[in-house]
Each structure stands twice: as C-alpha cells, then as structure tokens.
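Worksheet: the structure to be examined is printed underneath.
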Amino acid sequence: MKRFILIFLSVVFILPVNAQIITGEVEYNAEIAREEVFSKPVQKISFNKIRNRFYDSDNIENLNYILKGITELKDRKLAKFSDGSYGVQYYDDPMYSWYYSYNGKLISFIQKDSLSYPCKITKFKPDGNVANTGYRVSERESFIFSPEGKFLAHWLGNSCYDENNNVIMTRNIMN
C-alpha cells in the first residue's frame, strides 16, 4: 500500500504536466484567405466617393511629415512605400485608404468591409475599376489576389512577398 501511495504521489507531484490553452484563433494562409475574399461579390464604388481625391490637396505637407518620420497626425495616418508612393488614411473615413504618387496624383484606393480584423479589402483604380482584392488578417498581415483569384502578394509586417517568397516592396509605418 505504501508503494502505491508513493507511486501515486510521484505521478501527481513530480511528473511534469503539459497543457495547451486553446484560444480559438485561426491561422491564415493564402487558400483560406482566397476562400474568404471570394465568398461574396465585390461591391461597385460610387464615382462621387473618389471625385475629390484625384489629387492629394495635402501633398507637400504629407511628404514633409513623411520625410520627418511623422506618420500619425491629428486627422490622418500616413505610410511611405519603397516605390516612392505614399498612403493616407483619414480618421473621419477609416473604411478607405488613399494611395498617391510622389507628386500627389491618385494611384489607387482601398475599401475595407469592416473596421475589425480579419476583413476583406478591395483595391480600386482611380477610374473605380477593381485592381485587386485581399484579406487583412491583422494590421500587419494581408493576402492579395487578382480579381480572377490569382495569388499576387502577402504583406507580412513591413515587407510584401510574391508567391516565391521574394520581397517585392516594403513600407514604413511607424507606431
């Protein structure tokens, strides 16, 4: 009986106990993201939405802030890209992000379907046609697809990767 109690106590108190907490988080990959993106059709955008954004009226000011490393302003957030372009997201219209060339000409814009993650994003050309669509898993991770469903890119942190895991672009977002 003493031996049984000793073995029992050894098992209970001496042997390490391993447990894993299940958090319910989903790990995303390109295929899961593709399924989410193409589960609903893309909504058309109104020309009235983009009419006043063809040129960044704060172009010089935004470039000066970016050069100084300031990306959080009272009314907007800025991002700088390695190709010389930059992005602007206005706090009073957070469902949209606007992307401009160095000279302030609209290159494209993104519409989100939600302010929480994960969410579907659609990138439009200045004429309102769809350039690509994607799935934002978090502030720092997105999967991008052509309108036909071909994998184009995976943003992870400040780097954008192609299907062969080569860096194709970087961005600078300071938090």
Dump the intermediate steps for side-chain contact (heavy atoms from CB on, under 4.5 Å) on L73 and N62, then the final yes or no.
-> CA-CA 10 Å; L73 306 173; N62 286 337; 4.2 Å; yes
Quick check: do [X] and [Y] have side-chain heavy atoms less than 4.5 Å from each other?
{"X": "P94", "Y": "Q89", "value": "yes"}
{"X": "L106", "Y": "D56", "value": "no"}
{"X": "L115", "Y": "M95", "value": "yes"}
{"X": "Y117", "Y": "V137", "value": "no"}
{"X": "E141", "Y": "H154", "value": "yes"}
{"X": "T122", "Y": "I110", "value": "no"}
{"X": "N59", "Y": "Y100", "value": "no"}
{"X": "I121", "Y": "Q111", "value": "no"}

What residue among F124, W98, Y99 forms side-chain contact (heavy atoms from CB on, under 4.5 Å) with S108?
->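 Exactly one pass, corresponding to Y99.
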Between Y28 and Y135, is a ring-ring contact (aromatic ring centres under 6.0 Å, His included) present by the stated rule, with each step listed?
-> CA-CA 10 Å; Y28 290 92; Y135 201 62; 5.5 Å; yes
Mind telling me whether Y96 and F109 have parallel, tilted or perpendicular rings, with 30° and 60° as the class edges?
->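 Rings of F109 and Y96: tilted, 30 to 60°.
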Any idea how F143 and F151 line up, ring-wise: parallel (<30°), tilted (30 to 60°), or perpendicular (>60°)?
->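 Taking F151 first and then F143, their aromatic rings sit tilted (interplane angle of 30° to 60°).
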Could you give me the CA-CA distance, side-chain angles and deciding distance for F38 and E148, then say whether side-chain contact (heavy atoms from CB on, under 4.5 Å) is met?
-> CA-CA 9 Å; F38 294 101; E148 298 78 33; over 6 Å; no
Minimum heavy-atom distance between [X] and [Y], given as atom pair plus value:
{"X": "C160", "Y": "A153", "value": "SG-CB, 3.4 Å"}
{"X": "T133", "Y": "S146", "value": "CG2-O, 4.4 Å"}
{"X": "D127", "Y": "I50", "value": "C-CD1, 4.4 Å"}

Same cluster or not: are [X] and [Y] linked, directly or through other Ile, Leu, Val, Met, Phe, Trp or Tyr residues, by side-chain heavy atoms under 4.5 angstrom apart?
{"X": "Y102", "Y": "F54", "value": "yes"}
{"X": "Y161", "Y": "V37", "value": "no"}
{"X": "L63", "Y": "V88", "value": "yes"}
{"X": "F47", "Y": "V130", "value": "yes"}
{"X": "I107", "Y": "I45", "value": "no"}

Charged N to carboxylate O under 4.0 angstrom, K77 versus E139?
->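 Looking at E139 together with K77, the answer is yes, because their closest N to O distance falls below 4.0 Å.
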Between R76 and D93, is there a side-chain N and carboxylate O pair less than 4.0 Å apart?
->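 Judged by the 4.0 Å cut-off on N to carboxylate O distance, R76 and D93 do not form a salt bridge.
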What do you reckon, is NZ of K123 surrounded by more than 12 foreign heavy atoms closer than 6.0 Å?
->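 Count not over threshold, so no.
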Walk me through it: do T170 and S159 pass the test side-chain contact (heavy atoms from CB on, under 4.5 Å)?
-> CA-CA 5 Å; T170 61; S159 298; 4.2 Å; yes
Would you confirm whether [X], through its side chain, and [Y], through its main-chain N or O, come within 3.5 Å as a donor-acceptor pair?
{"X": "N29", "Y": "I32", "result": "yes"}
{"X": "N64", "Y": "I60", "result": "yes"}
{"X": "D162", "Y": "N164", "result": "yes"}

